[in-house]
Amino acid sequence: MTQLVAIPGSLRRGSWNAALARAAAEAAPAGSSVEVLSIRGVPLYDADEEAERGIPDAVARLKDHIAAADGVLLVTPEYNNSVPGVLKNAVDWLSRPPADVARVFADRPFALLGASPGRGGTILAQAAWLPVMRTLGVRLWTGGRLHVSAAGQAFDAQGHLADAGVRRQLQAFVEGFVRFIGR
C-alpha cells in the first residue's frame, strides 16, 4: 500500500487547496491512500522559541506523519505570485533541527499542485517552491503538473470538486505520482 500525505498550504476554512487535497484523497488509485494533514497550530518560526522549548507538538506530529509516508503532495496556494507564508513557515519548522532534514525530506517523493482563483493557477508558486525542494533534497516528481485556475468555479459551495475535467486531471496526477513512487 502506497501511503501519501497531502499538506494544504492555507488556513482558510473554505480553502480551495484543502478541498483539492481532499479531492486527491478521493482520487487515490487502488493500493494507495492519501491522508490530509493540517498546518493549523504551527507557530511562526522563532529560533529563540526552538532553543527554549524545542519543536512544537504540531510540528512534531507533522514530521512523524511525513516520515511515515511514501510521498507528499504539497498543495500550495499562490499569494502575490509566490509561496504562501504559512506553508513556507511550516516547511521551515519541519526542517528543524537540521539533523531532521534527512528523516523528513531527503529523497522523499514530493509533488506540487495547487488551486487559485486567478487565471494562472499556482504556476508561479510551484516554480517558487523549486529552490526550497532542491535545498531540502526531496525527490521532486515533475512528470505531471496540476495548477487549478478559477478555483471558485472548480469547487462547489461545499468544497467538493465540481469540475469533471479537473477531476480527471487530478486523478491522472495522483496516479502518476503513485507510479513514480513505485519505481
Answer whether the closest heavy-atom distance between the side chains of L62 and V104 falls below 4.5 Å.
no
Under the salt bridge (Lys or Arg N to Asp or Glu O under 4.0 Å) criterion, do K88 and D92 qualify, and how do the steps go?
CA-CA 6 Å; K88 177 63 168 71; D92 290 343; 2.6 Å; yes
Among the clusters formed by ILVMFWY side chains lying less than 4.5 Å apart, do F173 and F110 turn up in the same one?
no
What orientation do W141 and F177 show, parallel under 30°, tilted 30 to 60°, or perpendicular over 60°?
tilted
If you link I, L, V, M, F, W and Y whenever their side-chain heavy atoms are under 4.5 Å apart, who else ends up in the same group as Y79?
none
Looking only at heavy atoms, what is the nearest atom pair of G152 and W16, with distance?
CA-CZ2, 3.6 Å
Is there a donor-acceptor pair under 3.5 Å between the side chain of R40 and the backbone N or O of L11?
yes
Is there a side-chain contact between R96 and V59 (heavy atoms, below 4.5 Å)?
no
Hydrophobic cluster membership, V178 vs V72, 4.5 Å side-chain cutoff:
no
Write out all pairs satisfying salt bridge (charged side-chain N to carboxylate O under 4.0 Å, His left out) with one or both partners inside residues 166-178, taking only residues at least two apart or from two chains.
none
Any side-chain to backbone donor/acceptor pair from N89 onto P43? Under 3.5 Å, distance only.
yes
Hydrophobic cluster identity match, F105 and F180, side-chain contacts under 4.5 Å:
no
From L161 atom CG to Q169 atom CD, the distance as rounded to the nearest 0.5 Å:
9.5 Å
Tightest non-hydrogen contact, residues A125 and V83, listed as O-CG1, 3.8 Å
Calculate, to the nearest 0.5 Å, the distance between atoms CG and CD1 belonging to L73 and I7 respectively.
9.0 Å
Rounded to the nearest 0.5 Å, how far apart are CD1 of I123 and CZ of R145?
4.0 Å
Between V42 and A90, what is the shortest heavy-atom contact and its length?
CG1-CA, 4.1 Å
Looking only at heavy atoms, the pair that brings T122 and P77 closest together is CG2-C, 4.0 Å
Exactly one of V174, V148, L170 clears side chain to side chain contact (heavy atoms under 4.5 Å, CB included) with L113, and that residue is L170
If I take atom OG from residue S116 and atom CG from residue N81, how far apart are they, to the nearest 0.5 angstrom?
9.0 Å
Could you name each residue pair satisfying ring pair (Phe, Tyr, Trp, His ring centres under 6.0 Å) that touches residues 20-56, not counting sequence neighbours?
Y45-W93
Would a hydrophobic clustering, with Ile, Leu, Val, Met, Phe, Trp and Tyr connected at side-chain separations under 4.5 Å, put V5 with L140?
yes
Are L4 and I181 close enough that some pair of their side-chain heavy atoms sits under 4.5 Å apart?
yes
Only counting residues at least two apart or in another chain, list the ones meeting side chain to side chain contact (heavy atoms under 4.5 Å, CB included) with A21.
A6, P8, V36, V75
Contacts of type side chain to side chain contact (heavy atoms under 4.5 Å, CB included), residue A67, not counting sequence neighbours:
R103, R108
Decide side-chain hydrogen bond (donor to acceptor under 3.5 Å, both in side chains) for H65 and E35; before the verdict, give the C-alpha distance in whole Å, the side-chain angles of both, and the deciding distance to 0.1 Å.
CA-CA 9 Å; H65 282 279; E35 177 186 11; 3.2 Å; yes
Test your reading of the model: is there a side-chain donor-acceptor pair from N17 to the backbone of A115, 3.5 Å cut-off?
yes
Looking only at heavy atoms, what is the nearest atom pair of P84 and W129, with distance?
CD-NE1, 4.3 Å
Please report the interatomic distance OG(S33) to CD(Q3), rounded to the nearest 0.5 Å.
5.0 Å
Same cluster or not: L124 versus L130, using hydrophobic residues (I, L, V, M, F, W, Y) connected whenever any side-chain heavy atoms lie under 4.5 Å apart?
no
Provide the closest heavy-atom pair for A128 versus V132 in the form atom of the first, atom of the second, distance.
O-CG2, 4.3 Å
Do any N or O atoms from the side chain of Q126 and from the backbone of L146 form a donor-acceptor pair under 3.5 angstrom?
yes
For P97, enumerate each residue passing the side chain to side chain contact (heavy atoms under 4.5 Å, CB included) test, keeping only those at least two apart in sequence or located in another chain.
E50, I55, K63, D100
Point-to-point distance, once rounded to the nearest 0.5 Å, from CG of D163 to OG of S149
9.0 Å
